[in-house]
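Please read these numbers as outputs of a predicted model, since none were measured by experiment.
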Amino acid sequence: MPLLCLIVMAQKATTRQQRAEQLSNVEVYELRNGVYALHCENEDGEPRKRILEPGEMYSSSPDMKYRPHVIGKYMRRLAMENVDARNALRKAARERMREYDTRANEAFKKANRLSTSLQTLR
């Protein structure tokens with residue numbers, strides 16, 4: 001691989017937050033209560049238009065598979081640009097964390113019950 005390509009790859013951002021910070025020509029429009037349009041250029045200078053709903057932690061980004069445990073670069077940039085969107089995203093993330101904690105606690109209790117049952121089988 002040519003040295004110039006390696007240098008460019010090394011300069012690219014490595015985290016979603018860094019990539020969000022590299023978006024340029026950012027414009028945010030509130031389409032309706034809690035739903036936003038984000039128009040920008042990505043870190044490669046390509047134009048992007050996204051519909052974002054921070055209360056659901058959802059992005060219509062076709063270049064990213066929806067994963068409920070990830071906050072993508074476009075959603076992060078929206079949160080950087082808009083206080084209401086940032087608050088809605090924080091609230092949604094906290095709710096999702098509570099859901100995961102509840103599931104983890106339930107799984108831990110089930111594992112303990114199985115462990116107890118297994119011990120009595122010996």
Side-chain angles (χ1 to χ4, degrees):
M1 186 174 283
L3 181 60
L4 182 59
C5 290
L6 291 172
I7 292 170
V8 169
M9 288 174 60
Q11 289 175 343
K12 281 195 170 183
T14 56
T15 68
R16 285 179 190 85
Q17 185 63 33
Q18 288 171 330
R19 289 193 303 267
E21 291 168 358
Q22 288 183 349
L23 298 176
S24 60
N25 298 322
V26 177
E27 297 177 13
V28 173
Y29 309 94
E30 186 167 12
L31 301 176
R32 63 179 188 273
N33 191 22
V35 178
Y36 299 85
L38 177 77
H39 297 186
C40 63
E41 291 179 3
N42 68 11
E43 61 273 17
D44 296 324
E46 302 166 334
R48 293 291 188 251
K49 295 181 179 181
R50 300 290 179 257
I51 304 298
L52 303 168
E53 192 171 350
E56 299 295 324
M57 292 179 39
Y58 174 75
S59 168
S60 65
S61 175
D63 52 351
M64 182 181 117
K65 292 181 180 177
Y66 173 65
R67 292 177 286 173
H69 55 278
V70 171
I71 299 174
K73 66 183 175 187
Y74 297 113
M75 190 69 76
R76 289 174 176 273
R77 186 55 189 243
L78 173 65
M80 290 167 60
E81 299 292 325
N82 185 288
V83 174
D84 292 335
R86 181 171 49 249
N87 291 336
L89 183 58
R90 284 179 176 163
K91 181 181 176 187
R94 286 184 186 113
E95 288 173 5
R96 190 67 48 88
M97 287 172 53
R98 279 194 292 274
E99 290 173 15
Y100 288 148
D101 285 345
T102 299
R103 289 184 202 165
N105 288 335
E106 290 171 2
F108 182 74
K109 289 176 186 177
K110 288 177 184 179
N112 280 340
R113 286 195 295 267
L114 281 173
S115 177
T116 301
S117 295
L118 183 61
Q119 289 175 1
T120 61
L121 292 174
R122 293 181 183 173

Hey, what do you get for OH (Y74) to CZ (R19), rounding to the nearest 0.5 Å? 9.5 Å
So which atom in A85 and which in P54 form the shortest heavy-atom distance, rounded to 0.1 Å? O-CB, 3.5 Å
Side-chain atoms of residues 110-120: list all donor-acceptor pairs with protein atoms under 3.5 Å, sequence neighbours left out, distances to 0.1 Å.
{"from": "T116", "atom 1": "OG1", "to": "N112", "atom 2": "O", "distance (Å)": "2.9"}
{"from": "S117", "atom 1": "OG", "to": "R113", "atom 2": "O", "distance (Å)": "3.1"}
{"from": "T120", "atom 1": "OG1", "to": "S117", "atom 2": "O", "distance (Å)": "2.7"}

The criterion is side chain to side chain contact (heavy atoms under 4.5 Å, CB included); which residues satisfy it with A79, sequence neighbours excluded? R86, L89
R50 side chain to L38 main-chain N or O, any donor-acceptor pair under 3.5 Å? no
Restricting to side chain to side chain donor-acceptor pair (under 3.5 Å), what partner residues turn up for Q17, sequence neighbours left out? E21, R76
Hits for salt bridge (Lys or Arg N to Asp or Glu O under 4.0 Å) against E106, two or more places apart or cross-chain, chain-then-number order -> none
Validation: residues 24-36 side-chain donor-acceptor distances under 3.5 Å, sequence neighbours left out:
{"from": "N25", "atom 1": "ND2", "to": "E41", "atom 2": "OE1", "distance (Å)": "3.3"}
{"from": "N25", "atom 1": "ND2", "to": "E41", "atom 2": "OE2", "distance (Å)": "3.1"}
{"from": "E27", "atom 1": "OE1", "to": "Y29", "atom 2": "OH", "distance (Å)": "2.3"}
{"from": "E30", "atom 1": "OE2", "to": "G34", "atom 2": "N", "distance (Å)": "3.3"}

So, taking the atom named CE in M80 and the one named CZ in R77, what distance separates them when rounded to the nearest 0.5 Å? 4.5 Å
Just so I know, are the side chains of R90 and R94 near enough to count as touching, which here means a heavy-atom distance under 4.5 Å? yes
Using modelled atom types and a 3.5 Å cut-off, is there a donor and acceptor pairing between side-chain atoms of D44 and backbone atoms of E46? no
To the nearest 0.5 Å, how far apart are CZ in R16 and NZ in K73? 10.0 Å
Report the C-alpha separation of R48 and L23 in whole Å, then their side-chain angles, then the decisive distance to 0.1 Å, and conclude whether the side chain to side chain contact (heavy atoms under 4.5 Å, CB included) test is met. CA-CA 10 Å; R48 293 291 188 251; L23 298 176; over 6 Å; no
